[in-house]
Structures are given as C-alpha cells and as structure tokens.
Amino acid sequence: MADALSVIPASVLRNLSDKLYEKRKNAALEIEGIVKQLASVGDHDKISAVINLLAKEFTYSALSNHRKGGLIGLAAATVALSSEAAQHLEQIVPPVLNSLSDQDSRVRYYACEALYNIAKVVRGDFIIFFNQIFDALCKLSADSDPNVQSAAHLLDRLVKDIVTESDQFSIEEFIPLLRERMNVLNPYVRQFLVGWITVLDSVPDIDMLGFLPDFLDGLFNMLSDSSHEIRQQADSALSEFLQEIKNSPSVDYGRMTEILVQRAASPDEFTRLTAITWINEFVKLGGDQLVPYYADILGAILPCISDKEEKIRVVARETNEELRSIKADPAEGFDIGAILSIARRQLDSEWEATRIEALHWISTLLDRHRAEVLCFLNDIFDTLLKALSDSSDEVVLLVLDIHACIAQDPPHFHQLVVFLVHSFRVDHSLLERRGALIIRRLCVLLDAERVYRELSTILEGEADLDFACIMVQALNLILLTSSELSKLRELLKQSLGNAAGKDLFVSLYASWCHSPMAIISLCLLAQTYQHASSVIQSLVEEDVNVKFLVQLDKMIRLLETPVFTYLRLQLLEPGRYLWLLKALYGILMLLPQQSAAFKILRTRLKAVPSYSFNGDQLKRSSSDNSYNQILHYSGSQITEDGGISQDNGDLHNGINFASRLQQFQQMQQQHRMLEKSQAQARKSSTSLSKDGAEAEKSQRPSTSTKQDDLFLRISVPCYQCDMNNDNGVRYEEGCRIQDAKNAKTDMIDYVGIPSVRDQAS
C-alpha cells in the first residue's frame, strides 16, 4: 500500500473518487502514465501495489464514486501495461467482475466499460475468465437499466469476437453453463443464449452438433415464446442444426429422439410442427440407431395424425408410413411388445384417425411377426374386444380384420367367439348396434359355416336363457338377410338331400331351439316343412306372447323378400308341398287378424292355385305326422318337399326329427319356467310397495306384467302403421302402441289378442 501511495500523488487519488466524471477521467489518465513509467523500468512490484490499491481501496469501497474511480483506474492500468497486462489479470479482472453485479446501475455500467477496455487489450488471454464473464453477461442482458444493457451488448460482441479467434476456448466447459440457462424464460436472456449458440456453431473448429442434445430441448422451448423475434431466432438455429445433421455422418439420434418425442406433444402448434418435422427426418436418416426408439416415435406421431393443424397431420402421416415401411427385426432391438403397448394405448384416443392407424400397426405386426405378437395377445385382446364398440365403422372393420387374423389358429378362434358372445351378453347395446356388422364381417373373413357352428355350440350351453334367445334371433335374422351368408343358406336348403347341409342343420338346431321363431325360420329355409308344421303345433299358450309376435311379424315380412323366392314359387305346386302350405296356415292362425302381418300372409295364401290338389290330399297330410307317409301327386311317390321318399320311421336323410322336436320342447319348457320365476319375482317385489295403485297393478296375472316389461326393453313392430324397411320390416319404440298404453289399454289388446281383463269379464 505504501509503495502505491509513494508513486501516486494524493491529488490524483482524490480526483479519482470525485463525483465528476471528468475529474475521474483525468485522474485515470495520470494513473495510466504512472503505470507506463513503472512498466518501462520493469518495476512490476509497484505495479501490483497500484492495482491492489485501486481494487481494495476503490472498487470494494462502500462509496459508489470510489467504486467508479477504481474501475476506470484499473482499465487505465491495463491499457498502460499493454502486452504485459496478462501477468496482472488475476488482480485486475476479479474486482471488475464483482462490480458487474453492483446494486448501483452506474457502477455496473462503468464495470462493463472497464471490462470492455481490458478485453480489448488482452484479447486471447481474457479466455481464462470466460465462464465468469459469460455468467455475468447473461445476467446483464436482462438488466433493468437500458444503459447497462447497451454496455453489456457491446462487451458481449467483443467477447464473441475474442472467442471465435481463440484456440484456447473450451466448449466442454462452456456447455454445462449453457445447459443450466436454456430453460430461463426471460426474453433478453433467451436472445443472449441463442446468439451465443449461433456464433459458436459458426466456428469450424467448435463441434456444437456433438453437444446438441444438451441444449436442444431449450431451443424447442423457445419456439413457444411470446416474442416473435425469439421464436424466429430459435427456429433459424434449429433449421441450421437440422441441415448439419443431414450432412453429418455421425449423429447421436437416440438422445435427441427422446427430446423430440416429448416436444411433439407440446400444446404449442409451432413446436409440434417443428418436432414432428425433425422426427420425420430422423426416421429417414437414423437407420439402426433409431430401432430401440421406434415405440417412442410411434407414441409421438400417432396423436399428431389427428392434429387440428393440417401441416402437422401431413408430416405425421408421412412419418408414420415411413416408419411402418421399415422392416426391423426383434434381434436388432425392435421391441414388439412396446409397439403393441403404444398401439393399444392409442386405441383409447378420442380421434378416429389415430385409432385407425394404431390398428394398422397391430395388423402390420401380425403379418410380419405373428408368433411374437401372439405372445402379447393377453395384453391387447381385451382392448381389441372393447374396440368392437367403437363409434366408427372403419375402426370396427379393422378390429375384425385383426381378430380374424388372430383366429386363424383354432384355439384363438374359439377364444374370439367366446369373448364375443361374452361381450354381447354384458353389453346388449353392442349386439344391437354392432352385432350384424361384426357377425357378417367375421363370416367373410373366417368362413360363415365355421363361425355359425362355433356360435351355435356356445349358445347351446348358454346359462342366460334370455340372452341366448336374443342372440339366436339376431343370428337367425343375419342368416336370412345377409348377402355374405348366401352360400350358407344354399347349403341349408339342401339339408334333406346333402350330408353337409344336414350336418349344418343339426348343428344349428340345438341353439336355435332357444327361439320358436328361429326354429321355424330354419325349417322353412331347410325345406323341412313337415317339421316346421310340427313345431308350430307344439306351441302352447305361454309361447304366444308379444315377444313371439314381434318375431313372427319379422318372419312374415322376410317371407316376402328375395331370400324366400323359392318358397313362394313352391306354393304354385301345393299338391307337392302340402306341408309347406299347412305350416304357413298354422302361422296364419297364430297371428292377430288386425295385424299387417296377418293381412300380408293371408294375401299370399289366397294367391295359391286351387287346381293343384284336392281334398283327399289335404286330409291325408293333416292326419299323418310321419315323414314315412308318401304324398301322391300325378301318380308319383313324392315327399312333401318334392324329393323321392327315403324315410325310415322318424328319420329323414339321417335326421331324427322326433328327437329334434323333443329337444325343442324341452328347451322351450326351460324358457317358460324362467319366465314364470321372473314374473313371480317381479310380483313379490311390487307387492311390497305402499302405493295402492302399484299394488293393484301387481295383482294382475304374470302375462301382462311380462308384456309391459317387454314393451320397455325391446323394439315393437308397429302393426297399425305397417311401415317397412329394406327387408320389409320396420320397428318402432312406441307409435300407436304407446298411445294405447297411455290410454290404459292392454298392449296385447291393441295388436289383436283379447286382454286378460276381457277374459276375466
């Protein structure tokens, strides 16, 4: 200290701390001269003493004017030392750096000015303090004083120039500093950081691309900044890096892919577009490096396929197709389980396009890696079944294609049908909305006969009789109306003359017993008319209810469709098809006379020519119930279906119809017992009600209660309105029947059957 005081006059030191800038400046010039003189004689000890005096007594002083004077004095000393300043930088720079965070903005300004002058003198030697200077500049870039910001920008440009020309700059030491600050939200700091990234990337000797994963996420984060200028700068930097990636032989795709996958789900539209564009390029360029990341990439692009922004959708679809075209091998790290997990998760997406593409991925994996996919079947099977309830027809069809592919193996086929029946059982709306579509598509993909045989086997042992009846009715309607099942219908028509047809008829018969109408339809389709007549005559009072009449109405209208053209033409030969005539008249006798179905069938039967048979033939057919009886027509022995008789007791072409009829009657008896128990349970439940009106209503016979319940649960044919759909049938929930119900008349009363009240009276 004494050495410094001996060479610096007291007046100079006094002026150096003056409040006037001009006096401080003049004092600094005098110090510059003193230091130059000491440097010329090589007296570095005194130079160190002067620098130490300026630092301790001035820059660390509590008085702001002293600090200002100390800063300008240190800068003057550095200028005086010139090329010899490097050996004193350890004394000069730290006090200046400390002043950059001074609470007085004017001190911070003079610190920037001093550091600028020092840097100009020492240039490359300045690099040893780069990390501290960068940290200080990062803070000053967001300074509240615009003058300080301006001074900091000048210093920043000088430091960048020094770094770009220096061979001592360490990028390895700089990257941690950069990474720590990349998520700062201040716009000035962000501009500062992007500026440094751009500058360093322009230096040929600095490999910024190798460190890109360290700050890539920060750059993407800036794409959603509220400042257009910052977004533009970040996008420009990213575009430059992407171009470098395309031209670089060695890139770390893995780490960057993880970042891009996260950014592809950003709420910001521009960020998503940039991320998905990068992913698109990575899929094209990455090769084997990306195989372990395929699942993550798929998880990013599938949601983007349904993005609200068209540009994002286009790039996502292109990326998806590119990714799916790559035939990776599990041995190379291709994780099939992870891909399936992503696809399964995306099946719950609210967007149809995403669900469709997820199904395409499952289908593609099944084609390429069937054995591996089947190992994960338990993980995806339930989700695939749930997808059958999807609101999109295209999704349902794709799901069915996948199920059909899986069901190529018999065990999986059985599992599929069992799960399908279970789904219909627990969700009747699925059967109502998608049942026909699902069954028809499976029949196309897996062979209609195979599907129907399996369904029949399962339904034969179904414990839920109500569901079994509904399911059989649905299957029967599909069988009679769907073009996809035309070959199956043709096979059934040959049941009496073809072993395959007979075997199919017997296979379906067991489960079709759940529904009288289904059995009658099956017999008419198979041309086993005498058995159809026997089934009709076996029906008892409990069988003829609203539920039965609904199905009967459907069947009558179906008889007028092209499917039963052969049957209507057979009516031209009533003498040859007497059992058909008797079956149809039996059906007519079951119909309420006021119903449209009665009028339709009666009109059809009136058209039957009377010249083809006589009374003796009708009498003979009415009195004989065995297929052994031969009906005579035109002098030939012909059966009731027009074929040569080969009957043997109760057998006809190997079919034991007596046994079949007994099987039907036993099944119907089970249904009657179930309905009685359900009616009794409802009656017991309603009898506990304190409401007098409800109590009175509960005392009515069970038939009426059951009818009311059916009215609420099923669609009822509108007999009075007689409205037809494409198959000749239309079903309404209420219409005039509802009006009748509201008018407190019995619903059956309205369709032509005497009500319970009428019978009681």
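Residue numbers run from 1 in the order of the sequence given.
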Within a 6.0 Å radius of atom [atom1] on [X], are there more than 12 heavy atoms belonging to other residues, nucleotides or ligands?
X: E322; atom1: CD; value: yes
X: K19; atom1: NZ; value: no
X: E172; atom1: CD; value: yes
X: E332; atom1: CD; value: yes

Checking S306 against T354 for the side chain to side chain donor-acceptor pair (under 3.5 Å) test, could you report, in this order, the C-alpha distance in whole Å, the side-chain angles of both residues, the deciding distance, and whether it holds? CA-CA 6 Å; S306 303; T354 295; 2.7 Å; yes
Distance in Å, [X] [atom1] paired with [Y] [atom2], rounded so as to fall on 0.5 Å steps:
X: N280; Y: L260; atom1: CG; atom2: CG; answer: 11.5 Å
X: I326; Y: F334; atom1: CD1; atom2: CZ; answer: 9.5 Å
X: I276; Y: R313; atom1: CD1; atom2: CZ; answer: 13.0 Å
X: T319; Y: I312; atom1: OG1; atom2: CD1; answer: 11.5 Å
X: D217; Y: M182; atom1: CG; atom2: CE; answer: 8.5 Å
X: F134; Y: L193; atom1: CZ; atom2: CG; answer: 5.5 Å

Student check: side-chain heavy atoms of [X] and [Y] closer than 4.5 Å:
X: Y188; Y: Q191; value: yes
X: R263; Y: N221; value: yes
X: I133; Y: F126; value: yes
X: K46; Y: V35; value: no
X: I72; Y: I31; value: no
X: R345; Y: S341; value: yes
X: L340; Y: I362; value: yes
X: F241; Y: E244; value: yes

If you apply the rule side chain to side chain contact (heavy atoms under 4.5 Å, CB included), what do you find for M256 with L212, and how did you get there? CA-CA 8 Å; M256 289 189 286; L212 181 58; 3.5 Å; yes
Checking [X] side chain against [Y] main chain: does a donor-acceptor pair fall under 3.5 Å?
X: Q149; Y: D143; result: yes
X: Q289; Y: V251; result: yes
X: D18; Y: R14; result: no
X: N26; Y: E22; result: yes
X: R179; Y: F215; result: no
X: R355; Y: D348; result: no
X: R272; Y: P267; result: yes
X: S101; Y: N98; result: yes
X: T257; Y: Y253; result: yes
X: S150; Y: P146; result: no

Heavy-atom closest pair, residues [X] and [Y]:
X: H369; Y: P330; result: CE1-CD, 3.7 Å
X: V107; Y: S64; result: CG2-O, 4.1 Å
X: A264; Y: A300; result: CB-CB, 3.9 Å
X: N147; Y: Y109; result: O-CD1, 3.5 Å
X: S325; Y: R368; result: CA-NH2, 4.2 Å
X: L365; Y: V373; result: O-CG2, 3.5 Å

Using the ring of each side chain (for Trp, its six-membered ring), is [X] parallel, tilted or perpendicular to [Y], with breaks at 30° and 60°?
X: F58; Y: H66; result: parallel
X: W278; Y: F282; result: tilted
X: W196; Y: F130; result: perpendicular

cation_pi(R24, Y21) dist<6.0 Å, angle<=45: no
Please test L384 against L359 for side chain to side chain contact (heavy atoms under 4.5 Å, CB included), starting from the C-alpha separation and ending with a verdict. CA-CA 9 Å; L384 289 173; L359 290 169; 4.0 Å; yes
Apply side chain to side chain contact (heavy atoms under 4.5 Å, CB included) to residues S236 and Q233 and explain how you reach the verdict. CA-CA 5 Å; S236 177; Q233 289 177 354; 5.7 Å; no
Ion pair [X]/[Y], N-O distance below 4.0 Å:
X: E321; Y: R317; value: no
X: D214; Y: R255; value: yes
X: D145; Y: R108; value: no
X: D379; Y: R344; value: no
X: E269; Y: K311; value: no
X: D135; Y: K139; value: yes

Evaluate the criterion side chain to side chain contact (heavy atoms under 4.5 Å, CB included) for residue pair I47 and D43; output intermediate values, then yes/no. CA-CA 7 Å; I47 293 174; D43 194 348; 5.7 Å; no
Identified side chain to side chain contact (heavy atoms under 4.5 Å, CB included) partner of I342 from the options I297, L302, D335, D296: L302
Show me the pairs that pass salt bridge (charged side-chain N to carboxylate O under 4.0 Å, His left out) and involve residues 148-157, at least two apart or across chains. D156-K160
